[in-house]
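Step one of this worksheet: look at the structure below.
Below, each value reflects all heavy atoms present in this structure, side chains not excepted, and no hydrogens, waters or symmetry copies. Below, chains carry the letters A, B, ... as their sequence lines are ordered, and counting in each starts from 1.
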Number of protein chains: 4
Amino acid sequence: MPSAKTKTAAPRRNKHYEKRLASILKAASKIIARDGFEGASVRKVAAEAKINLSNIYYYFKCKDEMLFELQKHAFTTLKNTLEERLIKVETPEARLKAVIENHFQFFSTNMNDLKVCSYEIGSLGGTYYKQILKIRQEYYKLVKDVVAENKTKSKRTDLNLATLYLFGSLNWIYMWYDPKKNSDIGKLSNQLLKIYLNGIKIS
Amino acid sequence: MPSAKTKTAAPRRNKHYEKRLASILKAASKIIARDGFEGASVRKVAAEAKINLSNIYYYFKCKDEMLFELQKHAFTTLKNTLEERLIKVETPEARLKAVIENHFQFFSTNMNDLKVCSYEIGSLGGTYYKQILKIRQEYYKLVKDVVAENKTKSKRTDLNLATLYLFGSLNWIYMWYDPKKNSDIGKLSNQLLKIYLNGIKIS
Amino acid sequence: MPSAKTKTAAPRRNKHYEKRLASILKAASKIIARDGFEGASVRKVAAEAKINLSNIYYYFKCKDEMLFELQKHAFTTLKNTLEERLIKVETPEARLKAVIENHFQFFSTNMNDLKVCSYEIGSLGGTYYKQILKIRQEYYKLVKDVVAENKTKSKRTDLNLATLYLFGSLNWIYMWYDPKKNSDIGKLSNQLLKIYLNGIKIS
Amino acid sequence: MPSAKTKTAAPRRNKHYEKRLASILKAASKIIARDGFEGASVRKVAAEAKINLSNIYYYFKCKDEMLFELQKHAFTTLKNTLEERLIKVETPEARLKAVIENHFQFFSTNMNDLKVCSYEIGSLGGTYYKQILKIRQEYYKLVKDVVAENKTKSKRTDLNLATLYLFGSLNWIYMWYDPKKNSDIGKLSNQLLKIYLNGIKIS
DNA sequence: TATGAATGAGACTTCATTCAT
DNA sequence: TATGAATGAAGTCTCATTCAT
């Protein structure tokens, strides 16, 4: 049984609290994506969120915690929405498409978070890092299993390698994704699915 | 006969100059890869290179120039060695393998530079950025042409997308590459070549 | 009735703010007069004002702004007090004496500011410079008009030259003024007035 | 008898020495006038003089010495040329005109030196300061005597005050002198002479 | 909850000067 | 004479964070 303390201990928060917290996180995401974690000063985040500098420390113990919450939220969402999607489909190919589309969907509408999550993984230390690592590993496991379902066993390719290969491709999108040109996420996902499953060459 | 002037114009430097410059660049590469560009203070680089802090400014006009030289060297090397390799092979598949192996070879022995080159692309401003962009585009063009040779035209996949997809996979290696486990670059390249050409699934 | 907003818009500051700001400005004036603007380090000013070094940057955006505020205050005061004096007197000679005495009065009790205002005019750049220039020009115009009232038209001397000539004499006082010896500002002003009006030679 | 050492001890200098020394001094004058003594780095001076940074220290022991030589040369020239002029004329008025024209002549063609000599008087310390002070006082005495010849004794104006008043006017010219507009130094000198002698008002 | 003010550490960079050749 | 390289001190400014109200 999880300790009840978690809930009870939470400070009584007024109706604005959640809204402001979210607004700070959004600002942080934007600034960190633009300037990197080190380059993103708490001052800039405060300015972007239109909140007083000191007041940020009411919502976060320190700067690191901001990044932590950002990554935690992103990876948790990613994992949860993927789980929901996977329940609904059965064939290996459809499931793989779900993986790709889910990742794409989330990050194409949260491009800042993509950067924050792939760039700034090493910026977190100690406990924060470990907690994030755990969620990332759960998400990784989920994806790896779907890759396994699709991969022809006889092929002499390492399963981990194949999975990481997929992640690489998916995470690289911030380098080229343009919401105006690539508005159709479904179509984009299909193309990547095809390449990943069958390669770029007719065999 | 090329004008002798071109060579003479370079400032006369003593015998230690090149060695120190290289040593600073190596130190910078290590620190920037570890801490990010913003997180890498010139102090830390100086300490790593065992050189006096202010003396660094004899070799570089500013911190940005350090990153610039790092990226310039990496992308130029990448491009030059690829060109040399491509001259020697003819079949599309062999050429694509050359692309993959070249990229892999370089970055597996210069893992720090890989980070510095993929993480810190946005950390450069103004003229520096433009110069790097140009070299990167030349390298990109080289790779794209080889992808085009391999890609079955009838397939409805965008050429740029396919190329970027490849880059994503290749650049993600710093997330998992372990020189102890993945010592055989040739084998690794072959695996990725297979996936990229034929997909993970027998069709 | 002026919009209340104008006043309300000013940031709310605590009771110590104005006092500290003034104390920093006074310290800055002293140090800059002694060491010149370039020679006056922010550290020295902070030490003189007995304030923490970085805290200075809470009161000023940058070192330039310090000089700007100093000059702005001096020239504005100079201009305002002169305007007040001029209202009260009518004859040209009395008005000219007001000009001289006003300039003298202010700078003899603010010798540091005199240096800061005549030495360091070129130390300001961009917007700061333009703002100061405007006030200085207004002050100059005021003085020039009084000179014009006094100057015999038939004399073939350029009005601007005559005015600048006066300014030169007035601003040179920091080279020799000694509050102990020249305590009687009224008398000093009278002497200069005589020279300026009638020359050093009986004609 | 002055020690012969002065001449004998002088290092043997090749034919370029004097030329380079003068070129450095000219560069220094320009840079110091523009940026102030503190703002003028030895590096900038070296660049302006197109000489190697370290090599400057062959010509000057330290930065202060550069300023010292600059001021020494200016005041000495000023004094010497004035002495030559004064020998040739006899009437008080002609002699006063010589003073004004001499000062004007020199500084209008050496505007940088004017700034360096009036701005940077306090930038010199110790022995350097004393040496310069001595020359300045000699020059001052020369001028004061000529003022005395012209000044009507009965007038209740202090002689020193009258002299300093003149210096103020003369030294202020860098604030407005424009070689294009005020090309006729003789005419300008005459105007100032008239004002100084007879005032701006017909009596 | 919110905010004005403060602070010590450390960022990048330039300085005058010297050393060795 | 000339110059490439080095160095310790100091420059301006920003940082994350805290304190007091």
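Nucleotide E:dA20 holds its P atom 13 Å from the NE2 atom of B:H16, rounded to whole Å. Distance, A:D35 CG to F:dA16 P: 11 Å, rounded to whole Å. Protein atom OH of B:Y17 is 7 Å distant from nucleotide atom P of F:dA5, rounded to whole Å. What separates NZ of C:K44 from P of F:dG11 is a distance of 7 Å, to the nearest Å. Here E:dT14 presents its P atom at 14 Å from CD of C:E38, a figure rounded to the nearest Å. Per the geometry, NZ belonging to C:K19 stands 14 Å off P belonging to E:dA5, to the nearest Å.
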Please test B:N112 against B:Y174 for side-chain contact (heavy atoms from CB on, under 4.5 Å), starting from the C-alpha separation and ending with a verdict.
CA-CA 9 Å; B:N112 289 334; B:Y174 73 87; over 6 Å; no

For side-chain contact (heavy atoms from CB on, under 4.5 Å), just list the numbers for D:L133 and D:Y129, CA-CA rounded to whole Å, side-chain angles, deciding distance to a tenth of an Å, and then say yes or no.
CA-CA 6 Å; D:L133 184 60; D:Y129 179 78; 4.1 Å; yes

Apply side-chain contact (heavy atoms from CB on, under 4.5 Å) to A:L67 and A:F60, showing your working.
CA-CA 10 Å; A:L67 180 56; A:F60 300 99; over 6 Å; no

Step-by-step side-chain contact (heavy atoms from CB on, under 4.5 Å) determination, A:Y58 to A:N55:
CA-CA 5 Å; A:Y58 180 80; A:N55 199 16; 3.7 Å; yes

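At F:dA6, one or more side-chain N or O atoms of B:Y59 fall inside 4.0 Å of OP1 or OP2 (strictly under the cut-off). For the OP1/OP2 pair of F:dG4 and a distance below 4.0 Å, the side-chain nitrogens and oxygens of B:N14 include no atom meeting the criterion.
Looking at residues two or more places apart in sequence or on another chain, you find no side chain to side chain donor-acceptor pair (under 3.5 Å) involving B:T76. B:E120 meets the salt bridge (Lys or Arg N to Asp or Glu O under 4.0 Å) test with no other residue; sequence neighbours excluded.
Near-neighbour residues of DNA chain F inside residues 60-74 of chain A, defined by a heavy atom below 4.0 Å, number-ordered: A:C62, A:K63. A heavy atom lying under 4.0 Å from DNA chain F marks none of the residues of residues 22-34 of chain C.
Within 4.0 Å (heavy atoms only), C:A46 reaches no atom of the nucleic acid at all.
The gap from the C1' atom of F:dA20 to that of E:dT1 amounts to 15 Å, rounded to the nearest Å.
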Read 5' to 3' with Watson-Crick or G-U pairs under 3.5 Å, [ ] for crossing pairs and | for partners on another strand, DNA chain E gives .||||||||||||||||||||

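Residues D:K44 and D:G39 come closest through the heavy atom pair NZ-O, 2.8 Å. Looking at every heavy atom in both residues, C:Y128 comes nearest to C:C62 through OH-SG, 4.2 Å.
Aromatic rings of A:F37 and A:Y119 (six-membered ring for Trp) have centroids beyond the 6.0 Å cut-off, not under it.
We find the OG-CD distance between D:S29 and D:E69 to be 13.0 Å, quoted to the nearest 0.5 Å. To the nearest 0.5 angstrom, C:L124 atom CG is 10.0 Å from C:E65 atom CD.
With F:dT14, F:dA2, F:dT17 as the choices, the nucleotide that has an atom nearest any side-chain atom of D:R20 turns out to be F:dA2.
Using a distance-only test at 3.5 Å, with no hydrogens or angles considered, no donor-acceptor pair links the side chain of A:K72 to the main chain of A:Q131. Judged by distance alone, the side chain of C:D113 and the main-chain N or O of C:V116 form no donor-acceptor pair under 3.5 Å. In this structure, A:K63 contributes its side chain and A:A40 its backbone to a donor-acceptor pair below 3.5 Å.
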Identify each atom pair where a protein N or O and an N or O of nucleotides 7-10 of chain F are less than 3.5 Å apart, giving names and distance.
unit_1: F:dG8; atom_1: OP2; unit_2: B:N52; atom_2: ND2; d: 3.1
unit_1: F:dG8; atom_1: N7; unit_2: B:S54; atom_2: OG; d: 3.1
unit_1: F:dG8; atom_1: O6; unit_2: B:S54; atom_2: OG; d: 2.8

